[in-house]
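Right, one structure below, let's go through it.
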Amino acid sequence: MNFAFSEEQEFLRNEVRKLLDTRCGLPQVRELAASPEGYSLELWGQIGELGWLGLTIPEAYGGGGLGWEELVILLEETGRHLFPSPLISTLLCAEAITRFGNDAQRQRWLPDLAIGSRIGTLAFLEESDHWSADAVGLCARRDGEGLVLDGEKRFVQDIAAADLVVVVFRCDAGELRIAVIESGSDGVSVQSREPIDATKRFGDLTLSGVRVPPDALLEGGGSATQQIQEILQLGALATASEIVGTAEGALALTVQYAKDREQFQQPIGHFQGVKHPLAETYMEIETLKSLVYFAAWALDNGDDGVALATSQAKAYASEVITRAGVTGIQLHGAVGYTLEYDIQLYLKRSKWARPMYGDEIHHYERAATLGGL
Amino acid sequence: MNFAFSEEQEFLRNEVRKLLDTRCGLPQVRELAASPEGYSLELWGQIGELGWLGLTIPEAYGGGGLGWEELVILLEETGRHLFPSPLISTLLCAEAITRFGNDAQRQRWLPDLAIGSRIGTLAFLEESDHWSADAVGLCARRDGEGLVLDGEKRFVQDIAAADLVVVVFRCDAGELRIAVIESGSDGVSVQSREPIDATKRFGDLTLSGVRVPPDALLEGGGSATQQIQEILQLGALATASEIVGTAEGALALTVQYAKDREQFQQPIGHFQGVKHPLAETYMEIETLKSLVYFAAWALDNGDDGVALATSQAKAYASEVITRAGVTGIQLHGAVGYTLEYDIQLYLKRSKWARPMYGDEIHHYERAATLGGL
Amino acid sequence: MDFDFSPEEDAFRARVQSFLDAHLPSEFDARDPDFLKQWNRALGEAGWLGFAWPKEAGGGGATIIEQFILKEEMSARRAPPLGSDFMGLTWVGPALIEHGSDEQKQQFLPELLAGESCWCTGYSEPGAGSDLASLSTRAERDGDDYVVNGQKIWTTLAHVAKYIFMLVRTESSSRYGGITCVLIPMDSPGIEIQPIPNLSGEVSFNQVFFKDVRVPVASRLGKEGEGWRVVVGALANERSGISEATEKLRHIEDLEELARKVMRGGRPAVEDPEVRRKLASFRTRIAAMRLTGMRHLTNQLQGRRPSSETSINKLLRGQLEIEMDAFAMGLLGTQAQTQGRWQYLSLSYHGTVIGGGTPNIQRNIIAERILGLPKD
Amino acid sequence: MDFDFSPEEDAFRARVQSFLDAHLPSEFDARDPDFLKQWNRALGEAGWLGFAWPKEAGGGGATIIEQFILKEEMSARRAPPLGSDFMGLTWVGPALIEHGSDEQKQQFLPELLAGESCWCTGYSEPGAGSDLASLSTRAERDGDDYVVNGQKIWTTLAHVAKYIFMLVRTESSSRYGGITCVLIPMDSPGIEIQPIPNLSGEVSFNQVFFKDVRVPVASRLGKEGEGWRVVVGALANERSGISEATEKLRHIEDLEELARKVMRGGRPAVEDPEVRRKLASFRTRIAAMRLTGMRHLTNQLQGRRPSSETSINKLLRGQLEIEMDAFAMGLLGTQAQTQGRWQYLSLSYHGTVIGGGTPNIQRNIIAERILGLPKD
């Protein structure tokens, strides 16, 4: 029994935080958010070299061979800094290949993903906007040896930057398939969409006669439905991890404002009407940490409870980040409504984070079912 | 356009409040709650003489011929005083007879109900606990000229005190019927139940071969389903009206406590953690008043919106009284948890008031349907 | 009690409706300057501008109920309610009529009634937000002029306004008593305007800096030290908040439409029992807002002091904005992370909730002034 | 991180489970004195009483983890956790071991370990609730005695306790420094007990009046003026709050059973999507309570200062009690107005939420001590 991070893990956290404090403070975040790419290629290369991108990729394929406990630490810090990058997308692509690819596929793609020389993403969501394997409607037709895709995927994260796209679709009698396609393939086109949070980019993907060669299919172990749920689950846990840091960042800004801003000859943080909502936010974030850390441990240790734990973590995270954003803005008063103050950046992030890989409506229902209701 | 009570109405309010302040303060309420009957026969007789019981009964049958605007005033004050009596039950019985009885039936029952020499009630609810005409399952069988009832009604308010019981049941091919039976009839038996709020008594009613003579059936105008919904609606509005006063009573007690009780060398009402929940309660009560008063006006003036307005009023009232009870207890701290302090009386009343004639779950669903959803 | 309107009032409502039928297109962009200009002219010609003002001052001399009906019908159609000079017509005009000199009235009122002026108002300062009485922009007497130095913030429309109606401190020893109201052309030397983009990147607020701005004493409105009295105003303006309630009614209608359109768990969201109950709960509170506005209106009609209705509705509205937004975003699902009308609203409602006193200020007002709890 | 238990710990858990299988009936009334007596004896014989205490003091010398497992298993079966002398075993014993004289230890510890004593603790006073440091019950030195005058309130079990472990003021100039701990037999002359019925009409609290109660100086625990140190305690007691978390787990299981049984809109309530989401949300927060308790446990195991976990779980628990109750009452419908197990809980949970510091006190602790916001 030990619910604490190890010294090595704390060291990782400090390293990540130090680098992001220096290289990616909120002024830099604003700059990157205003840039066409939305992230810094240079910084991306640097964290690739530092091994952050390949943290969970097996050492044999150029990664760090660490677990989600470490990843949660990394993501908490990127969430806290509102770090703009295709990190989660690349991570999900690499996880899919690691978990469901064969050795050749791993050799082919993972080393590049581990150092960030290629960027990956997951193309899952469709018109129905439902984060569940049953909701996949995209259907491939057979053409000789291979499969051909015609259709659309929506809200594909970081699609403009991505080189490799993990696509989920059906074929033949409706069986689910997962494949890795190159974004430069013939017939692939991307329509970027306007994000509320300019640090999180996405777009719609149109596939017109895109060929899926047999060696692009990820077919290893287990049912495709389970594999897809597994990937979505990883997305949910990654997002919940970022939410921990983002909510802490919003709280820290607001606490500082409450100490600095005076009204009626007092810092506003003196009034219970201000301090109590902040205490509630703190309580919620600490509660969320317990859920997220346990889910990561369960994932790394093959615990049966991982699906339930992940849904609990993401459901609660979606609620926490929504409230933390609103509380932050409201307690800032009029300046919270300006572009100048940073709290709005966190509010905008909450609009991204609440629904991503399923909101609380989705995950509480899932948790109810997993819990036997 | 005039959303204010008239001088006469304000006069009525003052009269009621004066009498109840004098004759039914909280010490008296506690005494009556501990008595076997649960109410004061003497006070009941007195308010009968004052015309309060027959307020809405037509003058031709010994009543005051006033409307629900006046009744709301009366009920707000009885709610504020936690006045223990079979008032709402008698009222609903009288309304059923007034609205759906023929002249002979009105002549026979209303004058007694108006002065309180007989007490009435409504036996509606069954095992399904659903406040809707479709939920009636009790079925009469034909026996010669009349009908015979065998079965149960649950949570019949003030049934131990009642002389006349309005019973809702089905007959023949399932048509709904409403009849007035005497509680002394052969085959009627009552099982009192233990109330949380000893100022509101009720019990289960068992009917074993109870004869319903033809002249006991209320058959005037319209469909029985509509009539039943109408009576339930009156029950909901009456309860919502009492809730206004009850919530105000709980708020007044708690505000006074917040002014008197000192902690950390300050009256606790100085702290926003205390004053803000009290302000919220005040806001909710005033909002509720707007809904309840409008519903009463709509009822008196045959406005189309009365069903929706009533469901809105009772739904919101159920929420307001639940929160007001909890807030009151919690802000009282440890003394709120004692039998000695009066705030617990209001908490207990909230357990009665929330579900009575439909809680917020029931009435918001109904309001959604009535509003076209 | 009586929730019916008289036949005359119904006829008046019909008149407003025909005006709207004739002049308000079914589709319009409330931020398009051409549309606003045309709409403004139509309002002026029909006599709706200054409709509440006394006839002697060139206004419409409308009753409180007529104002109520006018506002309700306008907001029911989502019309820009009082033309483009909202501040001028609602606050400045009435204050001029009550406290202005003849010269001031002649100078400003005709322009206002023609829909040709544009006013901003300067109350808040960086150090005086919820606590207005601590304002510190100074006006020092120098011959026949005041010399104004200081800074205003959250000044809506300052970047387009022709005049500012503002509070300055003419005496520093008294918190409320040392405050005076002055009227200043925005092109006066020494005024510098700095727009404040809001979180959606749009400019609606400004900071306004005053450096040795000379203002003739004749431009003072009311007496020195009576700035509060001037601002509080006394004209028989309809203040029930009916426009806000009607706006929320449009909001819930849109939300119901959204709930019918989007899916949840494979079925239209509107079939989910919680969605139905939530929508009904919003509608209930919005209905109550309108009714509470009518209680306020009744108090005004009967010449009674306004009670707590305004604070109640502000507090309730803040609660509704937050809940309705979280609900709308939940209905939108992943769609919430991209730009759109609902998403725009989701950022911008925060300005509404904070504007005119934060929810905590409303709670304090209720707790202290009405419930008599100790002051902070 | 590691959420697994060692084989030794698993074996210990099995031992606890067999004890419970053998001694805890599947149905019992936790308020039946005969049952309690028997249960107490079984606990004492198995060595579970004082299980956390050092072996030198006659205790079980259990590790923190063993204590955790013991509490978790007991509360999983809803067993009265530590016999009938909860206060004595949890607070008084450890304080005696740490601060007691040899005579005091010999006098009180064997009785405690045999399950034969019953202690109450006297902290709160009418004027000192959330603000304990303002207590005013005085103990004045008179020869070899203290003479105690004053009044305690909310004293749990005072009407049945043999001794009281209480704080008195021996000096009035210092708020915290003038407080001393004394041990007094409840049958001492001058003590008068007045039960306080709770809102369900049951007695669990009392007021205790002290009129010239003479207490030998030898009955003081620790030094004069060090009452706070004595009360805060330092023994390696497991304080993760695991029992509370496990209790809530039983609570949610019962609630789920209720939701399966009752109907809503003609179908089992558990099919209503909102009911499902609510139940899942409760379960989520309860799971988090247990996990947060484990973080606390880890801090203890690693010898780190306790952090905010206790305040967090108290605040969360208060929120859960209120929400779960409103939800349960909603499921019960009209049934909520009659007496029953759920309804009894609906009244009595208020004591739990207030006990040990109101939610507002927890919020202040978090805001001031952890977030560093200004004190009230």
Side-chain angles (χ1 to χ4, degrees), chain B residues 125 127-132 134-135 154-155 157 193-197 200 202 261-266 268 270-274 277 318-319 322-323 326 329-341 343-345 347-362 365, chain D residues 124 126-131 133-134 153-154 195-205 262-266 269 272 274-275 318 321-322 325-326 329-340 343-344 346-355 357-361 363-364 367 375-376:
Chain B
L125 215 58
E127 191 62 35
S128 71
D129 191 24
H130 196 39
W131 293 101
S132 165
D134 353 326
R154 302 184 66 200
F155 292 102
Q157 304 292 307
R193 301 191 62 170
E194 281 289 312
I196 290 278
D197 174 4
K200 291 285 188 183
F202 50 84
R261 169 75 173 163
E262 300 208 351
Q263 284 272 284
F264 305 101
Q265 291 94 47
Q266 303 259 26
I268 59 169
H270 165 87
F271 298 109
Q272 290 187 348
V274 172
S318 289
E319 295 183 311
T322 302
R323 283 194 289 259
V326 170
I329 293 280
Q330 291 290 324
L331 294 184
H332 269 74
V335 303
Y337 189 58
T338 65
L339 202 60
E340 182 191 347
Y341 276 69
I343 189 68
Q344 49 95 3
L345 300 172
L347 178 72
K348 290 173 180 168
R349 173 60 66 88
S350 77
K351 308 292 177 196
W352 176 85
R354 180 187 174 190
M356 209 57 212
Y357 306 107
D359 62 7
E360 74 277 15
I361 302 164
H362 175 85
E365 172 56 39
Chain D
S124 293
S130 291
D131 177 20
S134 65
I153 197 168
W154 314 124
I196 307 176
N198 70 16
L199 44 66
S200 305
E202 295 167 336
V203 173
S204 52
F205 301 127
V262 303
M263 306 292 278
R264 176 172 292 177
D272 179 310
E274 185 186 13
V275 168
E321 295 286 2
I322 290 171
D325 169 56
M329 293 299 106
L331 287 178
L332 285 179
T334 313
Q335 196 78 32
Q337 62 188 236
T338 190
Q339 306 261 10
Q343 297 83 344
Y344 174 82
S346 182
L347 297 180
S348 59
Y349 84 83
H350 291 282
T352 314
V353 175
I354 293 159
T358 63
N360 275 348
I361 292 289
R363 291 184 188 105
N364 275 356
K375 294 223 173 218
D376 270 339

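A quick note: this is a predicted structure, and the numbers were derived from the prediction, not measured. Lettering of chains follows the sequences in order, A, B, ..., and the numbering in each one begins at 1.
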Can you tell which part of [X] gets under 4.5 Å to a heavy atom of chain B, answering side chain, backbone, both or neither?
X: D:E202; answer: neither
X: D:I153; answer: neither
X: D:N360; answer: side chain

With rounding to the nearest 0.5 Å, note down the distance linking [atom1] in [X] to [atom2] in [Y].
X: B:D359; Y: D:M329; atom1: CG; atom2: CE; value: 12.0 Å
X: B:T338; Y: D:W154; atom1: OG1; atom2: CH2; value: 5.0 Å
X: D:T352; Y: B:Y337; atom1: OG1; atom2: OH; value: 6.5 Å
X: D:T334; Y: B:R354; atom1: OG1; atom2: CZ; value: 11.0 Å
X: B:K348; Y: D:S346; atom1: NZ; atom2: OG; value: 11.0 Å
X: D:L347; Y: B:K351; atom1: CG; atom2: NZ; value: 6.0 Å

Part of B:R154 lying under 4.5 Å from any heavy atom of chain D: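 Side chain only.
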Can you list the steps and then say if B:F202 with D:T338 is a side-chain contact (heavy atoms from CB on, under 4.5 Å)? CA-CA 9 Å; B:F202 50 84; D:T338 190; 3.9 Å; yes
For the candidates D:Q343, D:M263, D:Q335, D:R264, which exhibits the highest count of non-hydrogen atom pairs separated by less than 4.5 Å from chain B?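 Heavy-atom pair counts peak at D:Q335.
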Which of D:G266, D:S204, D:A326, D:P359 touches chain B most, by non-hydrogen pairs under 4.5 Å: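 Of the candidates given, the most pairs with chain B belong to D:A326.
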Option in B:L125, B:D197, B:V335, B:I268 with maximal non-hydrogen atom pairs under 4.5 Å from chain D: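 That would be B:V335.
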With B:S132, which residues qualify under side-chain hydrogen bond (donor to acceptor under 3.5 Å, both in side chains), at least two apart?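 Scan of B:S132 (side-chain hydrogen bond (donor to acceptor under 3.5 Å, both in side chains), adjacent residues dropped) gives B:D134.
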Under the rule for side-chain hydrogen bond (donor to acceptor under 3.5 Å, both in side chains), what residues qualify as partners of B:E319, not counting sequence neighbours?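 Listed in chain order: B:Y364.
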Counting C-beta onward and ignoring hydrogens, is there a side-chain heavy-atom pair between [X] and [Y] closer than 4.5 Å?
X: D:D376; Y: B:F271; result: yes
X: D:N198; Y: B:Q344; result: no
X: B:D129; Y: D:V262; result: no

Donor-acceptor pair between D:Q337 and B:Q157 side chains, under 3.5 angstrom: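 Their side chains do contain a donor-acceptor pair, which is all the 3.5 Å distance test asks for.
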May I have the step-by-step check of side-chain contact (heavy atoms from CB on, under 4.5 Å) for B:I329 and D:L199, ending in yes or no? CA-CA 10 Å; B:I329 293 280; D:L199 44 66; 4.0 Å; yes
When you look at B:Q330 and D:T358, which way does the side-chain contact (heavy atoms from CB on, under 4.5 Å) test go after all the steps? CA-CA 8 Å; B:Q330 291 290 324; D:T358 63; 6.0 Å; no
Donor-acceptor pair, side chain of D:Q339 and main chain of B:P195, under 3.5 angstrom: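 Yes; at least one donor-acceptor contact below 3.5 Å.
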